[in-house]
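Each remark here refers to the structure printed beneath this line.
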Amino acid sequence: MKEENEKPPFFGSWNRIYLFVLGAFVGLVILFSILTNFFS
Amino acid sequence: MSPIDWVVLFGTLVLIVGYGMWRTRVTGNLDDYLLGGKQMKWSTIGLSVMATQASAITFLSTPGQAYESGMAFVQNYFGLPLAIIIVSIVFVPLYFRLKVYTAYEYLENKLDLKVRLLAAFLFLLQRGLAAGITIYAPAIILSTILGWDLGITILVVGSVVVIYTVSGGTKAVSITQKWQMLVILIGMGIAFFMILAKLPEGIGIYEGLTIAGGLGKMEIVDFSLDLNKRYTFWSGITGGLFLALSYFGTDQSQVQRYIGGKSISEIRMGLIFNGLFKVPMQFLILLTGVMVFVFYQFFQPPLLFNENALNGIPDGKAAREIVELRGSHENIFRKKKASIEGFIQSKKEGKEDAGQYLIAARENYDESIRIRDRAKELVIKNSDDPNAKDSDFVFLRFILNYLPHGIIGLLIAVIVSAAMSSTSGELNALGSTTTMDFYKRVISPHETDHHYLNSSKVFTFFWGVLAILFALFAHLLENLIEAVNILGSIFYGTILGLFLTTFLFKKSQALPIFLGGILAQITVVVLFLLVSEQVGYLWYNMIGCFLVILLSFLFSIFFRDRIMD
């Protein structure tokens, strides 16, 4: 079980990393939406 | 291809395969062979997971798809980041703690042997067939366009993969995949910038995107709830989520890439790398295709990119119509080019007639599509070589006609590397599953570690030979190829359903889950045979998964009542 509690590098906790991934994904979708609206 | 291309192509492939084999020249035990000695770092895991998923067809078809249909395909990958998070939280600790060799071992641990064997059997069935296609699909395109002999291309690519996968096991697969993926990323990056450099003076990325957008290629995200549309945001985050969840969580060809990780942290970091970069990577591959599209608005494209298919039409009425179509295609290209140049010029000068130029360009573009569609129809009716979609040939034809020597060799190396990396991952997983889930568990359970090591090699070799044979004879089974591509989605739902039900149900309910799994699989196959036209294949993942859960639940109630009676 110790392995599972192992802290990830840089972010301090896994939950923060998962939030970061979700945030990056939402950011990409927003960027794609802007590009869609701008160029279509 | 010039001698320098051959040197780059062979140099790249030999260096990567040679390095992989040299690094794994001594295989100690079964753990080393199947799990890479549990020493893999996140960078190897991350690139290896990415390389297994990215087959040669990804790099041949995706730019062509963007050329014809625009950027919307990227939405198919929207479920992936969320799936990666779920796999990291739920699946990874389970597999790591139980020290499993295959994903299906977990099912026996939690339920019983028959559920494990059912899932492993479904995996072998669909991956076993798919492995042949992974070699065949790029080989047919490369041989058509480069004039290579199809049989020799399949034999050379297939044999090299079999040799290093059998000799070095998981570690060799992962090490070669890491370098293959780096070559792929570098090659695609170079291709993208070379296409930009090839655009006419005054046309940069902004103007390129404006032209692509004007002609309907920049609809990246579509939030509409229209079920008839193939790619929308909603189908991506639902159907795409189920597909990615079954693929990364329960497909041994992926699971094997990461269970050999040094620690849970290394595995999660490798997966997170994919969660972060997979969508942008697909976006850039599609954007490369869109830029090829923009390029062909200024330089005459061929009537069809698979010229061999056109040349295969015998003399007669159809051949004469093709000559006429070529003429019309060239005429409409000139008109379209003039309209696009007018559109860009007016836009730059802020004139009001830009819109009129754009309307004219769109009309001309629609006409050019009609001409191409008619040519495709004639090929299907008359040619003896209607073997693949024309869009699959767009990118390769562009590379050969317009990129400099050396880069051509590098980009062919990208395609062959992608074919090798995904095939090796599949063969490695097929060999492991056959050995650990069937041979060791059911047929011969009391042998030495060394015996199972050799058995793994024999089974991997067996699957490799089967894949090569399947690829060699696949041209006789044209309709089967599409079916095999869809096959994944037909089985994935059931396999994911078995895993999710295992998370939800108690050990005593193994029989209801087993029966639920079988009945769900039969239902999905029947459904596919009856209504395949009406239901997009991505949805079978969801249907299969929910059916397993529902049927297992109903069976569990039925059996509980019987026990109580």
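What you are looking at is a predicted structure, and each value in this text was computed from that prediction instead of being measured. Protein chains get the first letters and strands the later ones, always in sequence-line order, with residue 1 at the start of each.
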Q. Atom CE in Met40(B), atom OH in Tyr258(B): separation rounded to 0.5 Å?
A. 12.0 Å

(Q) Which atoms of Phe283(B) are under 4.5 Å from chain A, going by heavy atoms: the side chain, the backbone, both sets, or neither? (A) side chain

**Q.** Part of Phe223(B) within contact of chain A (heavy atom distance under 4.5 Å)
**A.** side chain

Q: Mind ranking Leu82(B), Val74(B), Val279(B), Ile89(B) by heavy-atom pairs under 4.5 Å with chain A and telling me who comes out on top?
A: Ile89(B)

Q) If you round to the nearest 0.5 Å, how far is CD of Glu341(B) from CD1 of Ile211(B)? A) 9.0 Å

Q: Please state whether the side chain, the backbone, both or neither of Leu271(B) comes within less than 4.5 Å of a heavy atom of chain A.
A: neither

Q: Pick one of side chain, backbone, both or neither for Phe25(A), based on which atoms fall under 4.5 Å of a heavy atom in chain B.
A: side chain

**Q.** Best-contacting candidate, Phe20(A), Phe38(A), Tyr18(A), against chain B by heavy atom pairs under 4.5 angstrom
**A.** Tyr18(A)

(Q) For Lys348(B), I'd like to know if atom NZ has over 12 heavy atoms of other residues, nucleotides or ligands within 6.0 Å. (A) yes

Q) Judged by modelled atom types alone, do Thr232(B) and Asp222(B) share a side-chain donor-acceptor pair under 3.5 Å? A) no

Q: Determine, step by step, whether Ile84(B) and Ser88(B) satisfy the side chain to side chain contact (heavy atoms under 4.5 Å, CB included) criterion, reporting the C-alpha distance in whole Å, the side-chain angles of both residues, the deciding distance to 0.1 Å, and the verdict.
A: CA-CA 6 Å; Ile84(B) 287 284; Ser88(B) 296; 4.3 Å; yes

